[in-house]
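Here's the structure we're looking at; comments come further down.
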Amino acid sequence: LLFLSGTLPVVNGKLAIAGRLGANLSVKEGQEVARIASLNALAAAKQHLGSLDRLKKLVKLTVLIATTEQFADHAAVADGASDLFVQIFGRETGHVRLVYGVQSLPIGAPVILGTVFEIEVLPYSISKPQL
Amino acid sequence: LLFLSGTLPVVNGKLAIAGRLGANLSVKEGQEVARIASLNALAAAKQHLGSLDRLKKLVKLTVLIATTEQFADHAAVADGASDLFVQIFGRETGHVRLVYGVQSLPIGAPVILGTVFEIEVLPYSISKPQL
Amino acid sequence: LLFLSGTLPVVNGKLAIAGRLGANLSVKEGQEVARIASLNALAAAKQHLGSLDRLKKLVKLTVLIATTEQFADHAAVADGASDLFVQIFGRETGHVRLVYGVQSLPIGAPVILGTVFEIEVLPYSISKPQL
């Protein structure tokens, strides 16, 4: 299993969109930032493994969303991430998901993703790069 | 290990109770919804494994509670879930627990549970159903 | 892997500092409580394993911080925990990290830590103590 650090919706080192679901961000904007954070998770996995070839599937996806107390449409926002992973790994592999609304996220991000991937074990042992 | 998706306190496809701890829900009501979400976790495990026979124990329980900022009695609410699992798996097995209060949960739920179970490995390899 | 329950910044059974980042607690105070919660995670690992000798490294660190909605300096607070683990396990081992701001924490704590450690497997099988 490959555990990644939380990935933010950052593009070129800058937040793609700042804000809070239920306040100044729409569900559609939330889906877009979730998609961007997913791409960053794949980029982080690639950086760690050297390529994406060894990435077998997404095992677990945690979607944390900065929301108001009243917001209740978490599933739709999280689908912005899930749909991308389903496109990549196929619908039949599936993934476990936990989604919730938080008070605040680093650098004011509206979404952060936690991901656990299953990776292909190399046929011989090599010294592993730092996680 | 069997990772499950977040389970909500849903009965017949509907939230058992909506609301927020520290506002319109009592600790006792919180315990009851935590218990219902636990039953749904067991139901999801059963659906995945075919039966509960292969479920050896609960390894990790995460209890997310929709609360006010002032609420501090998270442990009592989470016991509504822990007590059920202790009844089923016995006190000696124990489980690791992380409990916290969040801003909002999907469909306005007051509680969501994350669970990781240890399962009995089958003596021969079969093609696994989708997680 | 050794999963621990959430560890609080408790000293002698009492919260070291109560409060909320962005409100009545400074980032520096947040770092200090994160450091105390880290020491408690190590103490819990020691209690579980008998000694710290079998602790190989920290695999994953989750830092939950009670914050205002406006707070955005989560990384600095979490460094109070990460820096301690880097001192102990060395910079080259690294660890995966997920940090976010929550509505409320048990007993009014400003910080709670979730930790997953890699432990040395014993050369012979023994009956394991309770997790």
Side-chain angles (χ1 to χ4, degrees), chain A residues 1-3 19-23 25 27 30-31 34 56-82 85-86 89-105 108-118, chain B residues 1-10 13-15 17-25 37 40-41 44-45 47-49 59-71 74 98-117 119 127-131:
Chain A
L1 295 181
L2 173 66
F3 296 83
R20 184 174 298 274
L21 273 290
L25 288 187
V27 167
Q31 291 173 324
K56 288 175 74 176
K57 68 170 196 170
L58 178 67
V59 174
K60 185 174 176 190
L61 174 66
T62 311
V63 183
L64 291 72
I65 311 170
T67 69
T68 58
E69 289 198 349
Q70 286 70 40
F71 187 75
D73 207 4
H74 304 69
V77 171
D79 283 347
S82 288
F85 289 116
V86 164
F89 297 109
R91 187 163 296 283
E92 68 284 356
T93 66
H95 56 262
V96 164
R97 195 168 86 169
L98 177 62
V99 190
Y100 51 97
V102 297
Q103 182 89 320
S104 64
L105 290 171
V111 167
I112 194 169
L113 297 188
T115 45
V116 182
F117 292 96
E118 188 181 327
Chain B
L1 294 181
L2 173 66
F3 296 82
L4 291 184
S5 288
T7 50
L8 294 165
V10 166
K14 252 193 69 184
L15 262 188
I17 314 175
R20 182 174 299 273
L21 272 291
N24 56 345
L25 288 187
N40 287 336
Q47 188 174 15
H48 177 71
L49 298 170
V59 175
K60 187 176 175 187
L61 174 66
T62 310
V63 184
L64 290 72
I65 312 169
T67 68
T68 59
E69 290 198 349
Q70 287 69 41
F71 187 75
H74 304 69
L98 177 63
V99 190
Y100 51 97
V102 297
Q103 181 88 321
S104 64
L105 290 172
I107 65 169
V111 167
I112 194 168
L113 296 189
T115 43
V116 182
F117 291 96
I119 57 175
S127 86
K128 287 217 203 90
Q130 173 186 339
L131 266 177

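Letters A, B, ... mirror the listed sequences (proteins, then strands); counts begin at 1.
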Does the Q31(A) side chain pair with the main chain of A76(A), one donor and one acceptor, at a distance under 3.5 Å?
-> yes
For the residue pair [X] and [Y], what are the closest heavy atoms and their distance?
X: K57(A); Y: T93(A); value: NZ-O, 3.9 Å
X: T62(A); Y: K60(A); value: OG1-CE, 3.9 Å
X: A44(B); Y: L4(B); value: CB-CD1, 4.1 Å

Table please: side-chain donor-acceptor pairs of residues 98-108 of chain B below 3.5 Å, with sequence neighbours left out.
{"residue": "Y100(B)", "atom": "OH", "partner": "Y100(A)", "partner atom": "OH", "Å": "2.8"}
{"residue": "Y100(B)", "atom": "OH", "partner": "Y100(C)", "partner atom": "OH", "Å": "2.9"}
{"residue": "Q103(B)", "atom": "OE1", "partner": "Q103(C)", "partner atom": "NE2", "Å": "3.4"}
{"residue": "Q103(B)", "atom": "NE2", "partner": "T67(A)", "partner atom": "O", "Å": "2.8"}
{"residue": "Q103(B)", "atom": "NE2", "partner": "Q103(A)", "partner atom": "OE1", "Å": "3.4"}
{"residue": "Q103(B)", "atom": "NE2", "partner": "E69(C)", "partner atom": "OE2", "Å": "2.8"}
{"residue": "S104(B)", "atom": "OG", "partner": "T67(A)", "partner atom": "OG1", "Å": "2.5"}
{"residue": "S104(B)", "atom": "OG", "partner": "H74(A)", "partner atom": "NE2", "Å": "2.8"}

So, do F71(A) and V27(A) sit near enough that their side-chain heavy atoms are less than 4.5 Å apart?
-> yes
Any residues in residues 111-118 of chain A near chain B, with a heavy-atom distance under 4.5 Å, and which are they?
-> none
